[in-house]
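What follows is a single structure, written as structure tokens, with notes after it.
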Amino acid sequence: MARRIAHITKERVVKLVVAEKNIAAQKIAQLLADAGKPKNDKVYNTQVYRFTVDGEDWVSMGLAGHILAPDFPDEILFDKQNGWYSVSAEGEVLPADVPDGLARPPYDTKRKPFLANGISIKGWKVESLPYLTWAPIVKLPAEKEIIRVLKNLAKKADEVIIATDFDREGELIGADALNMVREVAPELPARRARYSALIKGEVTEAFNNLVELDQDLADAGESRQYIDLIWGAVLTRYLTLAKFGGFGNVRSAGRVQTPTLALVVERERERMAFVPEDYWQIRGMGEASGQEFKIAHTTVRFTDKAAAEAAFAHVSGAETGTVTAVAKRSRKQQPPVPFNTTALQAAAAAEGISPARTMRIAESLYMSGFISYPRVDNTVYPKTLDIEGIVKGLASGTPALAPVCKKVLAGPLTPTRGKVETTDHPPIHPTGQGDPTTLDGGQLKLYNLIARRFLATLMGPATIENTKLSIDVAGEPFAASGDVLVEAGFREAYPYGLKRDEQLPALAEGDVIDVRDIKLEAKQTEPPTRYSQGKLVQEMEKRGLGTKSTRASIIERLYAVRYLKNDPIEPSQLGIAIIDALSQFAPRVTTPEMTAELDADMTMVAEGKDTQDHVVDHSRALLAGMLDALIEHKDDLGEAISDAVTADARVGACPKCGKDLVMKTSAKTRGSFIGCMGWPDCDVTYPVPSGVKVSPLEGEAAVCPECGAPRIKCQPFRQKAYEQCVNPKCPTNYEPDLKVGECAVCREAGRAGGDLIAHKSERTGKRFIRCANYEECGVSYPLPARGKLEATGEVCEHCGAPVVVVETARGPWRICVNMDCPGKEKKPARGKAAAKKAPAKKTAAKKTTAKKAPAKKAATKKA
DNA sequence: GCAAGGTC
């Protein structure tokens, strides 16, 4: 056998197997190889697998999903005088009549795209949209390296076997690959292997029963591509051009993203339309055996104020209550089912990792061998999965999990099963391989979630015991309830989302307890909650929007184009305006029905009952039919969009002229600032703190009581958010200059007046220390942006620079102001005592490490 | 430089 492998040459291949991805190519090679392992090889840096089947030399390679991408040909980008869409000048041609009349008038391919009067970006032009609906589509190489390898291997092969995934997109990917093969080997025999699980039986069966590629199914997939592109491109261009907001401000739309956005907008509308209802609650504290617990009136919500007040009048002075009944009930919580992509995304979102980030991290964990393939619908482990081996691997590789692994191994190893069962890939699980200590923070967090979920699916239910006390307080019925986890079961491995125990004291009927703090609380019913990212992914799945591979990135896209903000998710005014516009003029693209109808059409094409051309042309005609109205209302809609963008940028009212103050971007520096919409008549501007995410405040907090300027919320990266007035001259921001020490450079030079003064820049809000003789000595030090500053009069024992105390959230922080000080303390000292500790010697500075700026340079800077 | 779908 070894000899036979040695005979494999790179020059001749009997059969070429083309899979959709590398892992599939590898698995197929392993499953089909005569004996021993397939030989890993590289062709132009792409992994391929060489092996023998009944003595024949085979090679398998993985694609990277779609290797061709559909697009409009470059020609349609050109302007009215020279572009092909000038056909309109020859007579009013209705879009519906165009398809066969796509005769192209002469155009100049050398001509550069142009931008004129804001009506056209690089050939995007509202007038061209009707023609765009009928424009031809070409498919161009998107994965050039892969195509190169594919063609190289095809030239040497006697037959090609398309072994892409067994679904619509897989058939299309295979058909695209075959088209590439045909460019170099037009006569090469080609067949298709259809397997639905990467296991021995399935794969050998598929390769023993090779079939023809299903062109109808591939056409269905391609129709999907075309329709998505046509609708997406036309509507995106239209929305973008309705009021061009500058480069980088694309207003996108699409078959999946727009209905998804509509879900969020719809929820926000429900919240806005929600009329809260008043209700009242009577609650207080109980105490027995020194243990406190919450008690509440058994009428959880009084809707009648008078009734609530009457009940409260009975109990308001009460000091004791009597236990009238004790009821204990235990309930079981079943262990969770195995993770598929959506469940993983939802669970990770609850732990603060967005679906998109989850997929990026999962991909990296998968590529480095820690977890299985992360894009799956399946929630049932296949019988072939070596569960015991994985648990053993976890036990030795992750010490923290070793005790629970041991318990699992002692049990029957019967996993839970979810509702969805597919056979292409197993649910997401740890592989039991790899050393988790090499992982970074996010990877470790996700890995732990996946590993713990896997163990949980092999464990028993958790038992929670609920105790309910019925208590009579001055004739009114009260109750107290406590949950205690009495048998951890799977919870020992999987604590996510577990509520804290609420233990009640041991009490019996007739016992008297102390009661206090009984209050009558006026409350209001809450509107429906906003979607979290995890919930939105689940809702998309429920409505058939997107796929396991695309949902996360589609949500991320909606954030990127600023239709969505915050988490839980809120639509921006822009997002709302987009939905308003499209539901008025192109309602089809705002609902999940477009996807449902597309799926139905695709089924017809796949079954040969309809054709790609017909289905795509029908969709084009539907879109074209909407364009007249869209174009007619271009200006209204542009205005609505631009108003919405202004509303999103608004941080408050101008204290000088009353117009809106908005976040703006400087054309010159690309930095942000706050400017008045009354410009140029009103010149009010404020700086925006750099390095923080700024958002407006609402209500009273939004206006500074001292100066009337807007107050904003500032969110530094991974730090606590704070609020501040945007006006640097406002007393709430103003700090008087503070002397913090003397300049060692000036003293050595015998220069008088070398006081080191702490300043705050009015323009940027930045704080720094500068010598009063700065022009001469150039001595300055940076300071932390926030925190009350105190001079100590001391100098640093290491470098002689002044020592100051900065008040931080965690207490005073004693620092030497010199960033380059050799004795630099890295972290703020904890506790008040820290300020008094570490006595700095009052020695004269031997040397200062402050940078000496040439006097001339400093003078120029100042000018 | 548009979408959504694969996967890297």
Side-chain angles (χ1 to χ4, degrees), chain A residues 19-25 45-47 61-72 74 76-77 113 115 120-125 128-129 132-133 135 137 139 142-146 164-165 167-177 218 220-241 244-261 341 359-360 362-364 366-368 373-376 424-425 540 544-558 560-561 589 594-595 598-599 602 619 623:
Chain A
E20 187 158 320
K21 47 194 165 263
N22 181 49
I23 187 190
N45 269 330
T46 294
Q47 188 68 250
M61 72 171 290
L63 304 172
H66 295 282
I67 55 171
L68 302 182
D71 206 349
F72 296 110
D74 278 350
I76 63 166
L77 298 184
L115 173 64
S120 168
I121 330 169
K122 290 185 180 175
W124 291 24
K125 205 169 166 121
S128 74
L129 292 178
L132 193 60
T133 56
I137 290 175
K139 288 183 84 170
E143 297 286 345
K144 295 207 175 82
E145 268 306 301
I146 300 268
T164 46
D165 292 359
D167 55 28
R168 195 166 72 209
E169 297 295 330
E171 208 72 13
L172 171 59
I173 290 165
D176 285 347
E222 196 165 62
S223 311
R224 196 273 311 148
Q225 283 190 321
Y226 289 178
I227 290 170
D228 282 343
L229 175 65
I230 293 162
W231 280 74
V234 168
L235 293 174
T236 298
R237 289 188 185 192
Y238 170 78
L239 293 168
T240 304
L241 296 171
F244 184 52
F247 294 101
N249 287 301
V250 166
R251 316 291 180 209
S252 71
R255 172 177 58 84
V256 178
Q257 63 167 266
T258 305
T260 303
L261 173 61
T341 302
M359 293 318 284
R360 280 192 293 270
E363 183 67 30
S364 74
Y366 160 65
M367 291 308 284
S368 44
Y373 189 71
R375 284 178 289 269
V376 290
D424 44 359
H425 298 280
M540 289 172 77
L545 293 171
T547 72
K548 58 188 182 293
S549 310
T550 59
R551 286 177 200 121
S553 63
I554 280 166
I555 294 173
E556 200 171 53
R557 171 90 187 137
L558 291 171
V561 295
V589 80
M594 181 164 172
T595 294
L598 182 78
D599 282 338
M602 296 310 99
S619 187
L623 176 63

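Convention: sequence-line order gives letters A, B, ...; per-chain numbering from 1.
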Report the C-alpha separation of A/Arg255 and A/Ile227 in whole Å, then their side-chain angles, then the decisive distance to 0.1 Å, and conclude whether the side-chain contact (heavy atoms from CB on, under 4.5 Å) test is met.
-> CA-CA 9 Å; A/Arg255 172 177 58 84; A/Ile227 290 170; 5.7 Å; no
To the nearest angstrom, the CZ-P distance between A/Arg251 and B/dG1 comes to 17 Å
Is A/Gly546 touching bases, backbone alone, or none of the nucleic acid, heavy atoms closer than 4.0 Å?
-> sugar-phosphate
Spacing of A/Leu598 atom CG relative to B/dA4 atom P, expressed in whole Å | 12 Å
Specify the separation, in whole Å, of atom CG of A/Leu229 and atom P of B/dC2.
-> 12 Å
Side chain A/Arg375, main chain A/Lys548, donor-acceptor under 3.5 Å | no
May I have the distance from A/Leu132 (atom CG) to B/dC2 (atom C1'), rounded to whole angstrom?
-> 9 Å
Closest-nucleotide ordering on DNA chain B, the 5'-leading residue of A/Ala233 and A/Ser549 = A/Ala233
Whole angstrom value for the distance that separates P of B/dG5 from CD of A/Glu20 | 14 Å
What does A/Asn22 touch in the nucleic acid at a heavy-atom separation under 4.0 angstrom: a base, only the sugar-phosphate, or nothing?
-> sugar-phosphate
Verify the contact: side-chain N or O of A/Tyr373 to OP1 or OP2 of B/dT7, cut-off strictly under 4.0 Å; return yes or no.
-> yes
Any A/Ser252 side-chain N or O less than 4.0 Å from OP1/OP2 of B/dA3 | yes
Within the structure shown, what part of the strands sits under 4.0 Å from A/Arg557 by heavy-atom distance: base, sugar-phosphate, or nothing?
-> sugar-phosphate
Across the strands shown, which category fits A/Gly65 at heavy-atom distances under 4.0 angstrom: base, sugar-phosphate, nothing?
-> base
Indicate whether OP1 or OP2 belonging to B/dG6 is found under 4.0 Å from a side-chain N or O atom of A/Thr550.
-> no
Looking at the side chain of A/Arg255, which of B/dC2, B/dG5, B/dG6 is the nearest nucleotide?
-> B/dG5
A/Arg237 CZ to B/dA3 P, in whole Å, measures 11 Å
Mark yes or no for whether A/Thr240, through its side chain, and A/Asn249, through its backbone, hold a donor-acceptor pair below 3.5 Å.
-> no
Distance in angstrom units between A/Lys139 NZ and B/dG5 P, rounded = 15 Å
Closer to the 5' end of DNA chain B via nearest nucleotide, is it A/Asp165 or A/Thr236?
-> A/Thr236
B/dA4 phosphate, OP1 or OP2, under 4.0 Å from A/Gln257 side-chain N/O | yes
Send over the distance from A/Met61 CE to B/dT7 C1', rounded to a whole Å.
-> 13 Å
With the side chain counted from C-beta on, respond yes when A/Asn45 and A/Glu145 share a heavy-atom pair under 4.5 Å apart, and no when they do not.
-> no
Any A/Arg224 side-chain N or O less than 4.0 Å from OP1/OP2 of B/dA4 | no
Identify the two heavy atoms, one from A/Leu235 and one from A/Ala253, that lie closest to each other, and give their separation to 0.1 Å.
-> CB-CB, 3.8 Å
